[in-house]
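All values reported here derive from a predicted model rather than from experimental measurement. Both ligands and their constituent atoms are indexed starting at 1 by order of listing.
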Amino acid sequence: MTTSHKQRVLSGMQPTNTLHLGNYLGALKNWVKMQNEMECLFCVVDMHAITDAGYGKPDEVARATREVTAAYIAGGIDPRKSPIFNQARVPAHAELAWIFNCVARLGWLDRMTQFKEKSGKHKERASVGLYTYPVLMAADILVYKATHVPVGEDQKQHLELTRDIAQKFNNDYAKPDYFPLPEPVITGPGTRVMSLRDGLKKMSKSDESDNSRINLTDDADTIAQKIRKAKTDPHPLPANENEFKGRPEAENLLNIYAALADEPVKAVMARFAGQQFSGFKGELADLAVSKLSPITAEMRRLMADPAEIDRLLAAGAEKASAIAEPIVQDVKRIVGFAV
Ligand code: TRP
């Protein structure tokens, strides 16, 4: 990355189904910290949502877009500091994505593991949009010349592709420093939240058991109940990280506690070492309720007024466009369009 680019953060989440504790601890909570350190923009990637699960479900995409927006705000993103907007309201994303479709090579996209996983055995039946999804993601980032992108481990390969696209564009159009090469900000393993029913599986919105996850729309009783029902093992709580071996549920619950309390896992382990799970779960339930119920309550309050959410998205899109439009205009001229 060259120093000529000012530091800027861009990240986004897809509006599909409901958000859960993993989205909060793994992403949102870290974004909230970043907004005080750098210029940030936060996008709801509705155009990505229709590449796959959201396709043909307009009501669901619209509802989930508002829900994700509400979660951003309830989780602590201040829309006056960091624009919050949905991708479809800023046409520059789609315009740059088209140009990047011509920069990226088929061979690069053929290597994307997330496409292989999502399309499964029937690649020929996946949408073209799903295939070119990482190119749209590159446009999301580079349309703001963002330099830092907080993402989970699973998005690292897409960030590498973004850098490849930036570099090839800069090179092919002889503009050595035009786009920055954005860095992933990988949120640590401590915030990798696993299922409450199986410590080896990621907490996921697609898990059929609702008890496997804490949704950001759950009320206090539901949150406490899910934690009390969480799977554990028959041993007392471990004293150090070596004792996590073969005990993924213990590791997960302690990690969740540490992340919610903003404490190192070591400190939490020292406090509970040798105790029974029942007592620990009671304390974890209290902690989770105290940290999450203000957020879930605020989300419900915001969701009750969809028109206000739409106004916020419109205001965010205006600020985002003010950055993105001149860049896309520039890029169009660079590639030779008569604009
Ligand atoms: N692909 C990302 C995910 O599934 C979502 C996303 C789309 C994104 N565009 C982005 C994340 C730009 C960061 C920056 O998690």
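Taking any N or O of Gln114, backbone or side chain, none lies under 3.5 Å from an N or O belonging to ligand 1. Distances between N or O atoms of Ser11 and those of ligand 1 include no value under 3.5 Å. Residue His158 places no N or O, backbone or side chain, under 3.5 Å from any N or O of ligand 1.
Atom 5 (C) of ligand 1 has Gly12 O, 3.8 Å as its closest protein atom, hydrogens excluded (heavy atom only). Distance from atom 4 (O) of ligand 1 to its nearest protein heavy atom, with residue and atom name: Tyr133 OH, 3.1 Å. Of the protein's heavy atoms, Gln155 OE1, 3.4 Å lies nearest to atom 2 (C) of ligand 1. Among protein heavy atoms, the minimum distance from atom 9 (N) of ligand 1 is reached at Asp140 OD2, 2.7 Å.
You'll find the side chain of Thr232 reaches within 4.5 Å of the side chain of Lys281, heavy atoms only. Between Val44 and Tyr72, some side-chain heavy-atom pair lies under the 4.5 Å cut-off. For the pair Leu159/Met137, a side-chain contact is recorded, criterion being any heavy-atom separation below 4.5 Å from C-beta on.
Under the salt bridge (charged side-chain N to carboxylate O under 4.0 Å, His left out) test applied with Arg66, the options Asp305, Asp46, Asp310 reduce to a single match, Asp310.
With ligand atoms numbered from 1 in the order given, ligand 1 contributes 7 (C), 9 (N) to contacts under 4.0 Å with heavy atoms of Val45. With ligand atoms numbered from 1 in the order given, ligand 1 contributes 13 (C), 14 (C) to contacts under 4.0 Å with heavy atoms of Val149. Listed by number with element, the atoms of ligand 1 under 4.0 Å from a non-hydrogen atom of Leu10 are 12 (C), 14 (C). Interface of Val151 with ligand 1, defined as ligand atoms under 4.0 Å from a residue heavy atom, comprises 13 (C).
When non-hydrogen atoms are compared, ligand 1 lies under 4.0 Å from the side chain of His48 (C-beta onward) but not from its backbone. Contacts between Leu136 and ligand 1 below 4.0 angstrom, taking non-hydrogen atoms only, are absent altogether.
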For Tyr131 and Asp110, what are the C-alpha separation, side-chain angles and deciding distance, and is it a side-chain hydrogen bond (donor to acceptor under 3.5 Å, both in side chains)? CA-CA 8 Å; Tyr131 186 70; Asp110 279 339; 2.6 Å; yes

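Heavy-atom contacts from other residues, nucleotides or ligands closer than 6.0 Å to NZ of Lys202 number 12 or fewer.
A salt bridge does not link Arg89 with Glu318: every distance from a Lys NZ or Arg NE/NH1/NH2 to an Asp or Glu carboxylate oxygen is 4.0 Å or more. Between Asp210 and Lys226, at least one side-chain N (NZ, or NE/NH1/NH2) sits under 4.0 Å from a carboxylate O, which counts as a salt bridge. Of the charged side-chain nitrogens involved, at least one lies within less than 4.0 Å of a carboxylate oxygen, so that Arg271 and Glu263 count as a salt-bridged pair.
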